[in-house]
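Each remark here refers to the structure printed beneath this line.
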Amino acid sequence: MANLYAYVGAPSFIGAVEPRLAAAGFKRVQDVASASLVVTFCTSQTALEDLYFGDDGLVTVMAPGAVLIDLSATTPNFAREINAVATVNDLVMVEAPLTVRSLVADPAFGPDNLMAPVACEGDVPVEAQALLEAVFGEVRDVGAPGAAQLVRAGHTLELAAHLVSVIEAQALNDAVARSVGTAGKLDVRLGGQEADPVVRALREKRFTGAYTVEMLLAELSSALMAADDAELILPQAEAMMHLLELLAVIGGADMAPAALTLIYHEEAEGAAAGLDWTRAEQAYGQHSSDEDDWGDEFDDGCGHDHDFDDFDFSSN
């Protein structure tokens, strides 16, 4: 008999992994409230809070003894809060934030690209462990609630920093090559960097994929909120967050992270990929004639608060 589970979250993720779950003996059901095993994957903090603590939130509607497996990115503190409330409601909370090995892998949700640091109060239930192993190429117990989110946050910061550094190095190469008349001729990579998957993704213009800018934004946002909780400032992560927010505003939320390179390209190239810079002007109250003031307008003094949940990232 198949193990029954319910899922709430990003459709692109479950669409990619459901066949693997079926092959492992898991059958998806739609009735979340009556399911004994529920998997969640939200791509914003607000959506996660509403799902667990809103009206008819999971912690109140689930049957006693049910197992909740959350794959969302959040802060260690909020992960501990969810666990505490779940425990009070006689539920088992398994914290297993989705962690990718590469931001540019294709397929993004293939088992070789997915890792799951896992944290739980006590032992992870057998059926939850089996489900995670069917989805993720690597499942690792990292300790008490909150620990898995901390592991995921550190990993995300490293991946995002590498992505931006390669994009900016390529942007400099392209810009200077044009100015000295060697555009299209000079692309020298030292130390075997031509094997770097980010470099390959940029060369191949892989700007679409299942793992999206919206998902990376959620991961970076939660990392910055964790830094806030620890009274720590992360300037590099702040800068990366601004760039990704800008890409999302101009229509790139559903694009792959490699599309961030389009921020550095000519406007026409971004438009050909579906981006619209006028949306940035509307969002930040900026007119195209005020180019000299863009930097000051974009740095809006918001500190660590990068919550774009109230802005519609979808293309209209």
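Everything quoted here is computed from the prediction, not taken from an experiment.
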Any chance you could lay out the side-chain contact (heavy atoms from CB on, under 4.5 Å) test for D50 and T46, step after step, and finish with the verdict?
CA-CA 6 Å; D50 289 345; T46 298; 3.8 Å; yes
Side chains of V32 and L58, heavy atoms from C-beta outward: is any pair under 4.5 Å?
yes
May I ask you to check whether Q170 and D174 show a side-chain donor-acceptor distance below 3.5 Å?
yes
Which distance, rounded to the nearest 0.5 Å, do you find between the OG1 of T75 and the CG of L224?
12.0 Å
L68 side chain reached by T40 side chain, heavy atoms, under 4.5 Å
no
Minimal non-hydrogen separation, D90 against P64, with atom names:
OD2-CB, 3.4 Å
For Y5 and V39, which heavy atoms make the closest approach, and how far apart are they?
CD1-CG2, 4.4 Å
Just so I know, are the side chains of E127 and S36 near enough to count as touching, which here means a heavy-atom distance under 4.5 Å?
no
May I ask you to decide if the ring planes of Y211 and F109 are parallel, tilted or perpendicular, using 30° and 60° as cut-offs?
perpendicular
Distance (rounded to the nearest 0.5 Å) between L71 CG and T43 OG1:
12.5 Å
For residues C42 and S72, report the shortest heavy-atom separation together with the two atoms involved.
N-OG, 2.7 Å
Distance alone, cut at 3.5 Å: any donor-acceptor contact between the side chains of D276 and T278?
yes
Could you tell me if the side chain of L132 sits less than 4.5 Å from the side chain of V94, heavy atoms only?
yes
Quick one: does V198's side chain get under 4.5 Å of L103's, heavy atoms only?
no
State, yes or no, whether a side-chain contact exists between I82 and F53 at a heavy-atom distance under 4.5 Å.
yes
Correct closest heavy-atom pair for G251 and L275 would be C-CD2, 3.8 Å
So does V104 get a backbone contact from the side chain of R200, meaning a donor-acceptor N/O pair under 3.5 Å?
no
Is a donor on one side and an acceptor on the other found under 3.5 Å between the side chain of T60 and the backbone of D56?
no
Within this structure, what is the CG-CD1 distance for the pair L37 and I69, rounded to the nearest 0.5 Å?
4.5 Å
Is there side-chain contact between D196 and H162, with at least one heavy-atom pair below 4.5 Å?
yes
Looking just at side-chain N and O atoms, do N113 and S102 make a donor-acceptor pair shorter than 3.5 Å?
no
Using the side-chain contact (heavy atoms from CB on, under 4.5 Å) criterion, which residues pair with A130? Sequence neighbours excluded.
F26
Kindly check if the number of other-residue, nucleotide or ligand heavy atoms within 6.0 Å of CG (D123) is above 12?
no
Side-chain donor or acceptor of E95 paired with backbone N/O of G146 under 3.5 Å
yes
Residues that T74 engages under side-chain contact (heavy atoms from CB on, under 4.5 Å), provided they are two or more places apart:
Q45, L48, F78, A79, Q149
Between L21 and A134 the two heavy atoms that sit nearest each other are CD2-CB, 4.0 Å
Do the side chains of F207 and L217 join up, straight or via other hydrophobic residues, at under 4.5 Å, putting them in one cluster?
yes
May I have the step-by-step check of side-chain contact (heavy atoms from CB on, under 4.5 Å) for L260 and V164, ending in yes or no?
CA-CA 8 Å; L260 185 62; V164 173; 3.8 Å; yes
Would you say the side-chain atoms of R101 pair up with the backbone N or O of D112, donor to acceptor, closer than 3.5 Å?
yes
Return the CE to CE distance between M62 and M93, rounded to the nearest 0.5 Å.
10.5 Å
Check for me, please, whether L234 and V151 land in the same ILVMFWY cluster - side-chain distances under 4.5 Å, paths through other members count.
no
Between CG of L157 and CG of L220, what distance do you get to the nearest 0.5 Å?
6.5 Å
Single-linkage hydrophobic cluster F41~Y52, side-chain heavy atoms < 4.5 angstrom:
no
Quick one: do V92 and V38 end up in the same hydrophobic cluster if we chain Ile, Leu, Val, Met, Phe, Trp and Tyr together by side-chain heavy atoms under 4.5 Å apart?
no
Please confirm whether the backbone N or O of V100 pairs with a side-chain atom of H155, one donor and one acceptor, at under 3.5 Å?
yes
Do F136 and L159 share a hydrophobic cluster, counting only Ile, Leu, Val, Met, Phe, Trp and Tyr and linking them when any side-chain heavy atoms are less than 4.5 Å apart?
yes
If you round to the nearest 0.5 Å, how far is CD of E269 from NZ of K205?
4.5 Å
Minimum heavy-atom distance T156-L216, with the two atoms named:
CG2-CD1, 4.0 Å
